[in-house]
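We're numbering straight along the sequence, starting at 1. Values below: all heavy atoms of this structure, side chains included; hydrogens, waters and symmetry mates excluded.
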Amino acid sequence: MSKLLTIWNYIRHHKYMITLLVFLVVIVFLDENSLIQRVKHRNEISTLNSEIEKYRKQYEEDTEKLKELTSNPEALEKIAREKYLMKKPNEDVYVFEQ
C-alpha cells in the first residue's frame, strides 16, 4: 500500500508535467495529423510540385513542336524522314548506326 501511496503522491505533485508529456506524445506520435505525418506530407507535396513543373515544361515544349509541325511543312517532312524513315519515290535511304 505504501508503494501505491508514493506513486500517487508523485503523480499528484507532477501532474502538470505528466499531462504535458502525454500531450506531447499524442501530438508528435499518436495523432493521425502528427508532426511525423506532416513532415511526410510536406515532402510528398514538394515531390509532386517538382513533377508538376517538369510536366508543365514538357507540355510547353511539345506544344511548340506541334505548332511548328502544323505550320511548317518542311519540319513535318524532316520528322517523317528522320524518325519514320520515309522517302520520296525516287530516293534511296541509307541508315548509319553508331
Query raised in the report: Going from CG on Leu21 to CE on Met17, what distance comes out if it is rounded to the nearest 0.5 angstrom?
Result: 8.5 Å

Report task. Start with the C-alpha gap between Glu77 and Arg81, add the side-chain angles, then the distance that decides, and say whether salt bridge (Lys or Arg N to Asp or Glu O under 4.0 Å) holds. Result -> CA-CA 6 Å; Glu77 182 179 343; Arg81 287 173 174 271; 3.0 Å; yes

Query - Straight-line distance of Leu66 CG to Ser71 OG, nearest 0.5 Å - result: 9.5 Å

Report task. Quick one: do Glu53 and Arg56 satisfy salt bridge (Lys or Arg N to Asp or Glu O under 4.0 Å)? Show the steps, please. Result -> CA-CA 5 Å; Glu53 190 60 34; Arg56 185 173 289 136; 3.5 Å; yes

Query raised in the report: Looking only at heavy atoms, what is the nearest atom pair of Glu32 and Gln37, with distance?
Result: O-CG, 3.7 Å

Report summary line: So CD of Glu68 and OG1 of Thr63: to nearest 0.5 Å the spacing works out to 13.0 Å

Query raised in the report: More than 12 non-hydrogen atoms from neighbouring residues, nucleotides or ligands closer than 6.0 Å to NZ on Lys87, yes or no?
Result: yes

Requested in this report: State, to 0.1 Å, how close Lys67 and Thr70 come at their nearest heavy-atom pair, and which atoms those are.
Outcome: O-OG1, 3.0 Å

Report summary line: Between the NZ atom in Lys54 and the CG atom in Asn49, the distance rounded to the nearest 0.5 Å is 13.5 Å

Requested in this report: Looking only at non-hydrogen atoms, find the nearest pair between Leu69 and Ile79 and report the distance.
Outcome: CD2-CG1, 3.8 Å

Requested in this report: Kindly compute the distance separating NZ (Lys40) from OG (Ser34), expressed to the nearest 0.5 Å.
Outcome: 8.0 Å

Report summary line: So CD1 of Ile36 and CD1 of Ile27: to nearest 0.5 Å the spacing works out to 12.0 Å

Requested in this report: Could you walk me through whether Glu74 and Lys78 pass the side-chain contact (heavy atoms from CB on, under 4.5 Å) test, one step at a time?
Outcome: CA-CA 6 Å; Glu74 286 130 11; Lys78 179 181 176 186; over 6 Å; no

Requested in this report: Using modelled atom types only, decide if a donor and an acceptor are shared between the side chain of Ser46 and the backbone of Arg42 within a distance under 3.5 Å.
Outcome: no

